[in-house]
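Structure, as structure tokens:
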Amino acid sequence: MSFDPRTYLMGLMSTARETVAPENRDTAILIERPKQASHGDFSSNLALQLAKPLKANPREIAIRLIDALPPSALLEKVEIAGAGFINFTLTSVAKTSIVADVLAKGADFGRSSLGAGQKVQVEFVSANPTGPLHVGHGRGAAYGASLSALLSFAGHSVTREFYVNDAGRQMDILALSTWLRYLELHAEPVPFPPNAYRGDYVMGMAVQIRDAHGDRYVHPAEALLACVPPAPEVGRADDEAKRQQEDHLDGLIASAKDLLGEHWSYVHGHVLTEQLADCRNDLEEFGVHFDHWFSERSLFDTGMVESAIARLEQAGHLYVQNGATWFRSTTFGDEKDRVVQRDNGLYTYFASDIAYHLNKYERGFERIIDIWGADHHGYIPRVCGAVQALGLDAKKLEVALVQFAVLYRDGQKTSMSTRAGEFVTLRELRGEVGNDAARFFYVMRKSDQHLDFDLDLAKSQSNDNPVFYIQYAHARICSVLSQWGGAIADLIATDCQPLTGERELALCGRLREFADVIEAAAGELAPHQIAFFLKDLAGDFHSYYNAERLLVDDQPLKLARLALAAAVRQVLQNGLWLLGVSAPEQM
RNA sequence: GCGGCAGUAGCUCAGCUGGAUAGAGCAACGGCCUUCUAAGCCGUAGGUCGGGGGUUCGAGCCCCUCCUGCCGCGCCA
């Protein structure tokens, strides 16, 4: 059975509290890990907390608490320090017991039952399938994947979901863009609108369609342009011109649908399938898997949008104004009410999102985590409002915002503008710095903080690069263990009493911290804490490795050190796995 | 203008939800390779936690206010 010092110390302190302050059983006993090594392995501020109710000097209370502490063979010493902190130092036997614990649990070490099997849905990326994923999506992907792994490791039952926006205007624009390129290939050029999709991949899809179907979908350019509102004059950029441009684009879509008839859905379906496959493939290569790909269009096809809106109507949260149907989101704290159905009868994106969230609740998730780009934060009040208006428990819904990543090369920001279809894609980034560095760099900052992604650093094979620093520690341990040549399984039973050095005990303390880090990181939806922990653990090991030789002649000492190294390796593996980063045996 | 997020060492960032003398990594300076991977280690220096009030035994963290920066504020998605 593994030894948990925190629970153990809480038990001892609880006994002491019973003697010293029987009236104050409600005062929580906190066992903390001091920042400074000289403050012992664990500390409690109970005496400080009791100072007020007992109306006594905290240091005196601390003395009384210590006197009332049951004797323990696992404690090296108990001291009073500072204002009245009680510091505990464990015996080295108690500290080193973690090594056998790690080796016995292996890949499951650190796994927690904190989540108690709670059904959690994590929805992330959910990019429009209208083009390649760019570096902004990459951060959401890396964060969502690591967070999901972390929650799962912490005992939740996690479903990873990608919401496919396959119903909206953007998809129509992509289909139109592709068809326009296709017409160009057949010498029926139509002036290509600047607000259509201009990326090379669009022409690629047009070529595919031509190769498969020849001129089957060709129509004269004049026919297409016949009833379309004109594009604004070239060079104008005022609001009026912008609106004209959008009207022109919508006119082209309507005209194309008209001309192509049922062939429109072929083009639309083709580009959707292509882009979705590309997106999926990109994410799979990045080590990001989804359990469900949820189609927005299915919400319309099955009538879920209508029924969700009807439910809001019944609850009296809708009204009609200027021909449109509005949701009174201001009731729930939003700045203004929001349209759910336009005057032209079409539902807004918000309407299908309401239905989508209703569906999430209906699927029985006890916790729903939406991961959005930080630029969507203004969207939160209306979605939470809709959830409440539907009579659902808004506390189950959490929105985690992910800030943009800014790429730096040679100390300069690299342009990420989407105009002219030129943006840095996730695939390009992965190709340049590798999956490991990309996954790690994306999550090494708090997700709601801006991220400066230094491409040169991510590529560098030096100690500056935290990915290599951690992986190098792992590879070093592999190298030593393979030179020893024994079976790792045999190390589980190793007597770790020879481990008495300061660095060895510090390393044991670090290993013990892993479980705490998992629970804290899962609780705060903060996988970056894993990244920081791994850097610390790798640092502790490198330091130890440089100070002591592992393969010494003294057999018991050698085995104990190898067991410790093997335990460090295991925890590095477990942590890296959570982040989706490989743990190479050689570098 | 309103709302959201942020401001911590020269740079990039942590800071375990209010605890002890605020921590890392770069960059700077000085050391360590005939010995298990120097992609590493050891040491030195570096701070008015944006400013000012407040709350209490105790504040980088909580409240108020001001300054600065980023983002959002469509019958787009």
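If you're wondering where the values come from, they're calculated on a predicted model, not measured in any experiment. Below, chain A is the first sequence line, B the second, and so on; all start at residue 1.
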* Structure fact -> In short, side chain to side chain donor-acceptor pair (under 3.5 Å) pairs touching residues 39-49 of chain A with sequence neighbours left out are A:D41-A:K95
* To do: Using a 4.0 Å heavy-atom cut-off, write out nucleotides 57-62 of chain B from 5' to 3' as B (base contacted by protein), S (sugar-phosphate only) or - (no contact).
  => S-----
* With sequence neighbours excluded, what pairs up with A:F294 under the ring-ring contact (aromatic ring centres under 6.0 Å, His included) test? -> A:Y356
* **Those residues that, when tested against A:A521, pass side-chain contact (heavy atoms from CB on, under 4.5 Å) (two or more places apart)** => A:L150, A:Q529, A:I530
* Can you tell me which stems RNA chain B forms, taking runs of 3 or more consecutive Watson-Crick or G-U pairs with both distances under 3.5 Å? => B:1-7 with B:67-73, B:10-13 with B:23-26, B:28-32 with B:40-44, B:50-54 with B:62-66
Give each protein N/O atom lying under 3.5 Å from an N/O atom of nucleotides 28-35 of chain B, with the pair distance.
unit_1 : atom_1 : unit_2 : atom_2 : d
B:U35  : O2'    : A:R549 : NH1    : 2.9

* Asked: For every nucleotide of nucleotides 67-77 of chain B, 5' to 3': is a protein heavy atom under 4.0 Å from its base (B), only from its sugar-phosphate (S), or from neither (-)?
  -> ---SBBS-BSB
* Before accepting this row, confirm whether a basic side-chain N of the pair A:R169/A:D250 lies closer than 4.0 Å to the acidic partner's carboxylate O. => yes
Per-pair distances, 0.1 Å, donor-acceptor, side chain in residues 327-334 of chain A, under 3.5 Å, sequence neighbours excluded:
unit_1 : atom_1 : unit_2 : atom_2 : d
A:S329 : OG     : A:D334 : OD2    : 3.0
A:S329 : OG     : A:K336 : O      : 2.8
A:T330 : OG1    : A:D337 : OD1    : 2.7
A:T331 : OG1    : A:R328 : O      : 3.0
A:D334 : OD1    : A:R338 : NH2    : 3.1
A:D334 : OD2    : A:R338 : NE     : 2.8
A:D334 : OD2    : A:R338 : NH2    : 3.4

* Counterpart residues, ring-ring contact (aromatic ring centres under 6.0 Å, His included), relative to A:H137 (two or more places apart) -> A:H134
* **Partners passing ring-ring contact (aromatic ring centres under 6.0 Å, His included) against A:F162 (at least two apart in sequence or in another chain)** => A:F290, A:W293
* Who passes salt bridge (Lys or Arg N to Asp or Glu O under 4.0 Å) against A:D370, sequence neighbours left out? -> A:K360
* Would you please classify the geometry between the A:F541 ring and the A:Y545 ring as parallel, tilted or perpendicular, with 30° and 60° separating the classes? => tilted
* **For A:F440, all residues meeting ring-ring contact (aromatic ring centres under 6.0 Å, His included), sequence neighbours excluded** => none
